[in-house]
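Here is the structure we will look at.
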Amino acid sequence: MRLITLAAASASALSLLLPATASARTDEGMWTFDNVPLQRINTALGTDIDQAWLDRVRLGAVRLSGCSASLVSTQGLVLTNQHCIRSCVQAHAEPGQDLLSQGVFARTRDEELTCPGQVAEVLTEIQDVTDRVQAAGSGLTGAAFASARARVIAEIEREGCGTDAALRCQVISFYRGGQYKLYRFQRYSDVRLVYAPEHQAVVFGGDPDNFNFPRFALDAAFLRVYENGVPATTPNHLTWNPERIVEGQPVFVAGNPGSTARLKTTDQLRIERDWQIPSELRRLAELRGRVIRFSEESPENARMARDALRGIENNLKRYTGMHQALADQSFFTELVVNETDLIGQASSRDLVQGDPWSEIAAAHADYILLYPRNYWLEAGAGQGSVLFNYARQIVRAAYERERPADTRLGGYSDAQLEALGRTLAQTRNIDEPLESLYLQFWLNKTRENLGTDDPDVQQMLGRESPEALGARLIEGTSLADPAARMALFEGGRAAVEASNDPLIQFVLRTDQAARNIRRSWTQQVDGPIERAGGRIAAARFAVLGTDTYPDATFSLRLSYGRVEGWNNGTRDIAATTTVAGLWERATGAIPFNLSPNLEAARGRLPEDVIYTVASTNDIVGGNSGSPLLNADGEVIGAVFDGNLESLGGAYGYDGSRNRAVTVSAEMITLALREIYDMDALADELAGD
């Protein structure tokens, strides 16, 4: 696989990086909304989008927890993917109930289900704060540098939003520290589920079809945002357009790509290739085996584990694709050549102080040393256990609340503490057997990776086995009860320290070790790499300025392209699928079995309706749920996946093969009217 990359700007690579060049695909890029190359886009696509178009799209785009979405009616209706809101569905399942398989179809406001912990955010303003943030760290190194940056960022965020719970302010780093922007969001913390089709309609084709095309996944869902107990008034919504999508038409994606590494140094990418990704693949493979074994024990276990298993398999395939991209010798050689040229330019033109590339390489010695402890005690603690996460948040909130705002851990500002309280107060169904599995796996792997004689492991386990301790913590905790959570959260440090809840006591006993490694990681790894990366970014700026886009940071971006197929090396793949293709692909055998609702509607669905489309839009994880827009800025579908070739998109983009995959608004509307008896929802989308 050969990818056009923005990993480094260099003399020989300028033809790949400068705008509107003959050699580069013009539809590459994840552009921030304050730096969209309008002329380049309009020239490439024959469109006439302008600043008013961008403003309208920005105010209609939505960021969810880990996903993207869009406002699509005046009454707070939000379009996203079903796979983005499965936890909301599961949260309302009664013991023994397979609500995910049944689907959720709220035909009245009273039937709409609260989504615990879900927050919807709309970007209202962008402010450049680069000078202020960079000045705070000037002349400092290590812990002092990281601390100074953290303090000024906290100040900027506090000044930007104050304590208004309806707002969120976030300082985001772009170009690896070359820019810092304050993003101000309208925040909706009351989010309710309106529509989620049954699971089999969404996962038709299973893992074999995942990251492939053609696809026949009805992966769309609708939420509604509320204010003061009533649907929010959202006049800045995007217009729904279920008209037929055609091959070749210009399309746009407005969403929040999670993370890319296109501007990292080659040394950073070697660490990912040789350490981080292999570690993740081993962890995920073992966890997958445990979850499969758990699911085979009973139908109820299979129900509990289904969504978790799909998520694990999705990440396994994603990391495999990323590793294959970095392991491609020609691709990586190109990165090295480009970086060498940039270093030469930076040195000859005095564009950089010192040798930040060597500083990053030196920091990676500490990366390798600290990574296992940082992952297992801090970054990966709990391995997905909701109850453990509640316990850690409650304990940390109790202590962080007593600290000055500019010295707190990230995530515990006054506004974030208020939001955390609302999340803790929400009712949520929690599958305790699965929770126990997660904790037992985490405790086992922590002991395996850090060693039986490690003091932190001994402090964690005492004389218990990982299996016994994990089971005891989940069986004894009361944190599944929102009233118990709120009593501890509101009671603060005194209530937490007096609690006899075993999970709270466990976190109290072990959290200092997690805090210690978090501090060491910040001082010895993140701080030095961020400081050196900022100087590299400054050198790159001197060559390119903002004529290129920054790496993805789960911040709102615009990508552009066309509905277009590709050749996968053996055959041409068409850009669209139809309902007729679904009937042809359905064999009746898992995973190519139709859901009962789709089977029952077979005779009512026109076979020429466009089901899904592939487009050249440059996307990565986090874009799930993003609206696919036409040239008028109207919503014509919901992005839910990419093809296998797009998995290398973390490191570069190849417009001849990378594809985004979208379920069409035409198919979603047809399903609402002809399959699910959701005419009122379809009418709302139509503006009726």
Side-chain angles (χ1 to χ4, degrees), residues 41-42 45-50 52-62 68-82 122 194-195 197 215 217-224 234-255 558-564 575-579 605-606 608-617 619 623-640 660-676 678-688:
I41 292 172
N42 288 331
L45 300 182
T47 53
D48 59 355
I49 69 170
D50 55 16
W53 188 98
L54 292 175
D55 291 342
R56 187 169 67 253
V57 169
R58 171 175 53 80
L59 292 172
V62 176
S68 301
S70 56
L71 290 166
V72 287
S73 87
T74 60
Q75 302 168 62
L77 193 65
V78 174
L79 168 72
T80 188
N81 293 148
Q82 186 261 21
V122 175
V194 179
Y195 161 84
R215 290 294 295 277
L218 194 56
D219 197 353
F222 289 98
L223 306 169
R224 194 181 304 279
T234 49
N236 294 318
H237 69 91
L238 301 175
T239 300
W240 183 259
N241 186 339
E243 292 180 4
R244 183 71 44 90
I245 298 173
V246 297
E247 186 167 0
Q249 77 176 85
V251 286
F252 302 83
V253 173
L558 185 76
S559 71
Y560 62 100
R562 294 184 184 274
V563 175
E564 188 175 298
T576 63
T577 68
T578 64
V579 169
L605 305 184
D608 63 342
V609 166
I610 298 297
Y611 208 120
T612 62
V613 301
S615 65
T616 62
N617 297 94
I619 67 163
N623 273 119
S624 289
S626 298
L628 186 71
L629 307 168
N630 64 14
D632 293 325
E634 298 169 330
V635 178
I636 59 173
V639 176
F640 68 91
V661 179
T662 296
V663 58
S664 75
E666 180 185 17
M667 184 63 207
I668 296 169
T669 302
L670 180 68
L672 293 176
R673 293 197 183 279
E674 298 297 334
I675 302 176
Y676 299 113
M678 297 287 287
D679 288 299
L681 181 55
D683 290 343
E684 182 178 347
L685 288 167
D688 297 338

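Here CG of Asp632 is found 8.0 Å from CG of Asn241. Values are rounded to the nearest 0.5 Å. Taking OH from Tyr195 and CG from Leu223, the interatomic distance works out to 12.5 Å, rounded to the nearest 0.5 Å. The distance from the OG atom of Ser615 to the CD atom of Glu564 is 9.5 Å, given to the nearest 0.5 Å. To the nearest 0.5 Å, atom CG of residue Leu628 and atom OG of residue Ser664 are 9.5 Å apart. In this structure, Glu684 CD and Thr74 OG1 are separated by 7.0 Å, a value rounded to the nearest 0.5 Å. Taking CZ of Arg224 as the reference point, atom CD of Gln75 lies at 6.0 Å (rounded to 0.5 Å).
Of the possible polar contacts, none joining the Ser70 side chain to the Ser626 backbone as a donor-acceptor pair under 3.5 Å is found. Judged by distance alone, with hydrogens and angles left aside, the side-chain atoms of Thr616 form a donor-acceptor pair with the main-chain N or O of Arg562 at under 3.5 Å. Looking only at distances, no side-chain donor or acceptor of Asp48 sits under 3.5 Å from a matching main-chain atom of Asn42. Of the possible polar contacts, one joining the Asn81 side chain to the Val639 backbone as a donor-acceptor pair under 3.5 Å is found. Proximity of a side-chain donor or acceptor of Thr662 to a complementary backbone N or O of Gly637 within less than 3.5 Å is not detected. Remark: the backbone N or O of Gln82 is paired with a side-chain donor or acceptor of Asp219 at under 3.5 angstrom. Side-chain atoms of Thr612 come within 3.5 Å of backbone N or O of Arg215 as a donor-acceptor pair.
For Ala69, the side-chain contact (heavy atoms from CB on, under 4.5 Å) test picks out Val62, Leu64, Val78, Thr80, with sequence neighbours left out. Applying the side-chain contact (heavy atoms from CB on, under 4.5 Å) test to Ala682 and every residue at least two apart in sequence or in another chain returns Leu672, Arg673.
In this structure, Arg58 and Val122 approach most closely via the heavy-atom pair O-CG1, 4.2 Å. Closest heavy-atom contact between Asn617 and Ala660: O-CB, 3.9 Å. Closest approach of Val635 and Ala665 over heavy atoms only: O-CB, 4.0 Å. When all heavy atoms are compared, the tightest approach of Ala220 to Leu79 is CB-CD1, 4.3 Å. The two residues Asn630 and Phe252 have their closest heavy-atom pair at O-CD1, 3.8 Å. Annotation for Leu238 and Gly60: closest pair CG-CA, 3.8 Å, computed over non-hydrogen atoms.
Each of Leu59, Asp55, Leu71 was compared with Asn236 under the side-chain contact (heavy atoms from CB on, under 4.5 Å) criterion, and only Leu59 meets it.
Side chains of Thr47 and Trp53: a donor-acceptor N/O pair is absent below 3.5 angstrom, by distance only.
Put simply, the side chain of Ile636 does not reach to within 4.5 Å of the side chain of Leu629, judged on heavy atoms. Inter-residue side-chain proximity for Pro242 and Leu670 is flagged as unmet; no heavy-atom pair is nearer than 4.5 Å. Using a 4.5 Å heavy-atom threshold, the side chains of Leu605 and Glu674 count as touching.
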For Phe222 and Ile668, what are the C-alpha separation, side-chain angles and deciding distance, and is it a side-chain contact (heavy atoms from CB on, under 4.5 Å)?
CA-CA 11 Å; Phe222 289 98; Ile668 296 169; 3.9 Å; yes
Hey, mind stepping through Leu77 and His237 against side-chain contact (heavy atoms from CB on, under 4.5 Å) and telling me if it holds?
CA-CA 9 Å; Leu77 193 65; His237 69 91; over 6 Å; no
